[in-house]
Each structure stands twice: as structure tokens, then as C-alpha cells.
S.K.: 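The following block contains the structure, expressed as C-alpha cells.
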Amino acid sequence: GLASVFMARDELSVKLADIPPALKETWQQGRWALGGVTVTWLPDQSYIYLLSAMVSTAETAEASAARLFLAPLTLLSVGFSRVLMPRWAYMAHEGKHQELIDMANRVKWILVSMVVGYVAVLLLLRDWFTPLLLSKDYSQTGSLIVLWGVLFAIQAVRSNYSAQLQVFKRFRDITLANSATAIGVLLLGAVLIKSYGVRGSMVTMIIGEVALAALLAYGFKNVRKNIAH
């Protein structure tokens, strides 16, 4: 970032006196965005701490190993978001709301299809690559890959609605929805992990993502009503 600013210094017309007002304006929505990022992290990473504390580090390691195989999907989803959100923000500014929504829907189903296809390939090749990368002690990898795949597919839907709400500056709605589901995930996780171990943890996160996606979809439905009016 600093290198980019240095390279573009001749074209920049920003003065130091312009920075505080810009930060003050950004903070109006940024404070909600900061809270949203924090509470999104909690349910996404809680399985590590809950599994380690309530079951064993071995089960935590197996869940994390299965997740590692799907790491490219995380990069893919983040990459789409980073590239498309500025474009969607521009479209919203230009009043091209329906075009924005249509593009977002296409991207959503493309990502879901890619998750399904990628997981299918992993399962077909599992007997080949698992012995190369993991020891024989990792016996649940196949079922965990499926559960992670389901979770990632739902996250693709949830992230899509979240990105659209961000474009329309509904950071407060996102943070409130994240807070509600984060609390539910932590409480339900403590119950299901005690009874079902690593699979209980995965099911908890899936339920949490479904609930969050539903809340965000409902929030965006209200945004669409406001746009229509």
C-alpha cells in the first residue's frame, strides 16, 4: 500500500488536512464493519478451541487437516469478493441495481457449483492423495471433507449476501446478524461437541451458516424493497 502511494504521489491531490475528515466519515460504517469481522471470526474458528478443550487435540487436528484440503476454495471466494465488490459498489452508485443483483446471483451459483465439483474431485482422488499427505491415523478425512464442502457451499451463499449488503452500506445489519448466530453457534457447539465430537462441531457450524445466510438474505430482501421504492 505504501509503495503504491509513493508510485502515485504525483497524481494524488490529497492533502494531510483531508485525512481526518475522511477517517471520520469512514468510521460511521467502519465501526460496524469492525464488529462484524470480529463476530464472524468467532463461530468460524470456535471449533478449534471447543474441540481441543472438550474432546482432544487429535480430533482438532483431523478436522483442520480435512479443512486444509479445501483451502483453495477460501482463496477463490475471497478473490471473487475482492475483485467484484468495487464493481458492485460502482454499479450501485450508478443506479444499476438489478444488473448488480443479477450478476451477484450468477457469481453465487458459480461458486457453489465450483465447491461441489472440487469436493467431488477430492472424494474421487482421496484414496490416492490422503496417504501421501496424511498418516493412517487420519481415518475420518473423507466424511469431514464432505462436511467442510457443505459448509463452504453455504458460506459462498452467505458471503454473497454479505457483500451485497456491504455495497449498500448495511454494515449494522450484518454485524447484528453475525452476533446473533455467533452466540448460537458457541452454545450449540458446546452441546453437540460433547455428544458427537468433531462431527458435532461441523454440524454446528453448518447450522450457524444456514441461519446467518437466512438472516442476511432477509436483510437484503428489505434492501431490495427500499430500492424498488
S.K.: When you group the ILVMFWY residues by side-chain heavy-atom contacts below 4.5 Å and let the links chain together, are Leu125 and Leu122 in the same group?
M.R.: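 Same cluster.
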S.K.: Could you check Ile154 against Val150 for side-chain contact (heavy atoms from CB on, under 4.5 Å), going step by step and ending with a plain yes or no?
M.R.: CA-CA 6 Å; Ile154 299 169; Val150 172; 3.9 Å; yes
S.K.: Output the rest of the hydrophobic cluster of Val203: all Ile, Leu, Val, Met, Phe, Trp and Tyr residues reachable through side-chain heavy-atom contacts under 4.5 Å, sorted by chain and number.
M.R.: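 Answer for Val203: Leu188, Leu192, Tyr196, Ile207.
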S.K.: Taking atom OG1 of Thr181 and atom CE of Met205, what is their separation to the nearest 0.5 Å?
M.R.: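 Thr181 OG1 to Met205 CE: 13.0 Å, rounded to 0.5 Å.
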S.K.: Not counting sequence neighbours, which residues clear ring-ring contact (aromatic ring centres under 6.0 Å, His included) with Tyr118? List them please.
M.R.: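 ring-ring contact (aromatic ring centres under 6.0 Å, His included) check on Tyr118 returns nothing, list empty.
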S.K.: Less than 3.5 Å apart, which donor and acceptor atoms pair up between the side chains of residues 81-91 and the rest of the protein, not counting sequence neighbours?
M.R.:
none

S.K.: Sequence neighbours left out, what pairs pass salt bridge (charged side-chain N to carboxylate O under 4.0 Å, His left out) with at least one residue falling in residues 92-101?
M.R.: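 Listed by first then second residue: nothing to list.
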S.K.: Please tell me if the side chains of Phe152 and Met114 come closer than 4.5 Å, counting only heavy atoms from C-beta onward.
M.R.: no
S.K.: Output all residues satisfying side chain to side chain donor-acceptor pair (under 3.5 Å) with Ser179, sequence neighbours left out; order by chain, then residue number.
M.R.: none
S.K.: According to a hydrophobic-cluster definition based on side-chain heavy atoms being under 4.5 Å apart (Ile, Leu, Val, Met, Phe, Trp, Tyr only), do Tyr218 and Leu176 belong together?
M.R.: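 No, Tyr218 and Leu176 fall in different hydrophobic clusters.
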S.K.: List in chain and number order the residues that pass side chain to side chain donor-acceptor pair (under 3.5 Å) with Gln164, two or more places apart in sequence or in another chain; answer none if no residue qualifies.
M.R.: Asn160
S.K.: Side-chain contact, heavy-atom cut-off 4.5 Å: Val119 with Leu123?
M.R.: yes
S.K.: Determine whether Gln155 and Ser77 satisfy the following criterion, side-chain contact (heavy atoms from CB on, under 4.5 Å), listing intermediate values before the conclusion.
M.R.: CA-CA 9 Å; Gln155 282 181 343; Ser77 179; over 6 Å; no
S.K.: What I'd like to find out is whether the side chain of Gln166 reaches to under 4.5 Å of the side chain of Ile174, using heavy atoms alone.
M.R.: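 Yes - at least one pair of side-chain heavy atoms lies under 4.5 Å apart.
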S.K.: For Ala156 and Leu111, work out which heavy atoms get closest and say how close.
M.R.: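 For Ala156 versus Leu111, the nearest heavy atoms are CB-CB, 4.0 Å.
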S.K.: Just grab all the salt bridge (charged side-chain N to carboxylate O under 4.0 Å, His left out) pairs involving residues 63-74, residues at least two apart or on different chains.
M.R.: Asp44-Arg67
S.K.: Yes or no on side-chain contact (heavy atoms from CB on, under 4.5 Å) for Phe220 and Ile101, after CA distance, side-chain angles and deciding distance?
M.R.: CA-CA 10 Å; Phe220 189 66; Ile101 293 168; 3.8 Å; yes
S.K.: Which residue pairs satisfy the salt bridge (charged side-chain N to carboxylate O under 4.0 Å, His left out) criterion with at least one member in residues 208-220, sequence neighbours excluded?
M.R.: Arg158-Glu209
S.K.: Measuring from Ser162:OG to Leu216:CG, what's the distance to the nearest 0.5 Å?
M.R.: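 It comes to 6.0 Å.
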S.K.: For Phe168, give me all partners under ring-ring contact (aromatic ring centres under 6.0 Å, His included), at least two apart in sequence or on another chain.
M.R.: His97
S.K.: Can you pull the salt bridge (charged side-chain N to carboxylate O under 4.0 Å, His left out) pairs that have at least one residue in residues 168-181, sequence neighbours excluded?
M.R.: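 Only Arg170-Asp173 qualify under salt bridge (charged side-chain N to carboxylate O under 4.0 Å, His left out).
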S.K.: Could you measure the distance from the CG atom of Leu76 to the CG atom of Leu70? Nearest 0.5 Å is fine.
M.R.: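 Result: 11.5 Å between the selected atoms.
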S.K.: I need the full list of ring pair (Phe, Tyr, Trp, His ring centres under 6.0 Å) pairs touching residues 58-87, with sequence neighbours left out, sorted by first then second residue.
M.R.: Phe69-Phe129
S.K.: Members other than Ile183 in its cluster, when Ile, Leu, Val, Met, Phe, Trp, Tyr link by side-chain heavy atoms under 4.5 Å?
M.R.: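 Under the 4.5 Å side-chain rule, Ile183 groups with Leu187.
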